[in-house]
Amino acid sequence: MFIQAAIAFLLGSSAALAGPLLHANSSIIPRKCGTSISDERLVAAEEHFAIHKVASLSSKQAQTATVNVYFHVVSKDSTLAGGNLSDNLIAGQISALNDGYSGSGLSFTLAGTTRTVNSDWFNNAGPDSSQQTAMKKSLRKGGAADLNLYSVGFTSGSGQGLLGYSTFPSDYASNNKDDGVVFLFSSVPNGGTANYEQGKTVTHEVGHWVGLYHTFQGGCSGSGDQVSDTPAEASSATGCPTGRDTCSSAGVDPIHNYMDYSYDSCMNSFTPGQITRFKSQIRTYRGISI
């Protein structure tokens, strides 16, 4: 199944910036992503992309685009600790997302916020769960070009232990209601989740939403993440292991890339090749001219 990817997002309080909000899942140490794609499915997806790819824009055409973001706050109760993120915390996450994509030509603007108290969705939403299906069916807004973010708790079920997950652009045509990013509510800037409180979980997940794979996709062999300027990497990185080199091919592991599993403090870049790829992906599958 060509799929949903992973990293969630824990959030802090604008009303309590002096003391970050701690969540029950704050003991998570490694970044976890629910993305799984078989070699066969990847080949099929890339063949489809190659055949249907929309040509790049000429130098005289617009090279920037703004994505409307619909932010769905799903909480177990009306409290901040229960997942009810404040407007200021939401604004901080949008700002962090724009920082991550700065220089790429892609930017994001908050188009709307919904707030829903539903403890079942908050606790049990996860990849392929009935809760996430019902949540998205009820809350999703806009079309293929609009980003829907869902903040939840990931306390049990298929999402337990994740930081988040996302769909890919090519998934939209077959299941448009499923489109979007689901993330752990306390991973926003100053959220209090150890090592994952700079909002870069959403940056990573949106990377999948615009068509990027993990930097360690395929390990040391094959075509990997389909991007030539991200050195091959045998497995995901944890922490910030400077100089890590798990493949014999040229270049050390791209531990600073947003599409690895490093700590937020270690992530700081997309490569030119990744930017070229995601622009082509969103032109082709999301109708975003960039």
Side-chain angles (χ1 to χ4, degrees), residues 5-35 71 73-77 79-86 88-97 99-100 122-127 149-166 181-208 214-216 233 235-244 253-269:
I7 294 186
F9 149 38
L10 280 163
L11 193 154
S13 152
S14 70
L17 290 181
L21 171 68
L22 295 178
H23 182 266
N25 282 5
S26 62
S27 61
I28 293 175
I29 301 302
R31 184 183 295 276
K32 287 189 178 181
C33 176
T35 302
F71 202 117
V73 178
V74 176
S75 59
K76 65 179 180 180
D77 55 41
T79 68
L80 177 63
N84 188 23
L85 304 179
S86 70
N88 284 346
L89 289 173
I90 292 169
Q93 180 58 68
I94 299 297
S95 178
L97 184 58
D99 286 345
F122 176 83
N123 290 316
N124 298 308
L149 300 177
Y150 304 85
S151 60
V152 301
F154 287 137
T155 63
S156 59
S158 63
Q160 185 173 13
L162 292 179
L163 282 176
Y165 61 95
S166 172
V181 167
V182 184
F183 62 92
L184 191 59
F185 79 97
S186 54
S187 66
V188 297
N190 298 303
T193 301
N195 302 314
Y196 310 108
E197 60 170 348
Q198 295 182 20
K200 295 178 183 179
T201 283
V202 169
T203 303
H204 173 111
E205 289 305 327
V206 172
H208 293 303
H214 292 129
T215 53
F216 48 87
E233 186 176 21
S235 60
S236 58
T238 298
C240 194
T242 302
R244 182 177 188 255
D253 292 356
I255 65 165
H256 300 293
N257 196 279
Y258 287 117
M259 301 314 295
D260 204 344
Y261 276 13
S262 308
Y263 289 165
D264 276 17
S265 59
C266 192
M267 290 179 162
N268 59 25
S269 63

Practice problem: Output all residues satisfying side-chain contact (heavy atoms from CB on, under 4.5 Å) with S95, sequence neighbours left out; order by chain, then residue number. | Solution: D99

Quiz item: Excluding sequence neighbours, so at least two apart, what forms side-chain contact (heavy atoms from CB on, under 4.5 Å) with S262?
Solution: A237, I255, D260, C266, M267

Quiz item: For the atom pair CD1 (I94) and CG (L149), what is the distance rounded to the nearest 0.5 Å?
Solution: 6.0 Å

Self-check item: OG-CE distance between S269 and M259, expressed to the nearest 0.5 angstrom
Solution: 12.0 Å

Please enumerate all residues that pass side-chain hydrogen bond (donor to acceptor under 3.5 Å, both in side chains) together with [X], with sequence neighbours excluded.
X    : value
T79  : D77
S235 : R244
S156 : N124
T215 : E233

Pairwise side-chain contact, [X] with [Y], heavy-atom cut-off 4.5 Å (strictly under):
X    : Y    : result
R31  : T201 : yes
Y261 : H204 : yes
D253 : P241 : no

Which heavy-atom pair separates [X] from [Y] by the least distance, and what is that distance?
X    : Y    : answer
S236 : F216 : CB-CE2, 3.3 Å
P127 : S158 : O-OG, 3.0 Å
L80  : L85  : CD1-CA, 4.2 Å
T203 : A96  : OG1-O, 4.0 Å
F122 : V74  : CD1-O, 3.1 Å
D264 : Q198 : OD2-N, 2.9 Å

Exercise. Begin with the C-alpha distance, continue with both residues' side-chain angles, and end with the deciding distance and a verdict on side-chain contact (heavy atoms from CB on, under 4.5 Å) for F154 and V182.
Key: CA-CA 10 Å; F154 287 137; V182 184; 3.7 Å; yes

Practice problem: Output, in order, the C-alpha distance, side-chain angles, deciding distance and verdict of side-chain contact (heavy atoms from CB on, under 4.5 Å) for Y263 and C240. | Solution: CA-CA 6 Å; Y263 289 165; C240 194; 5.5 Å; no

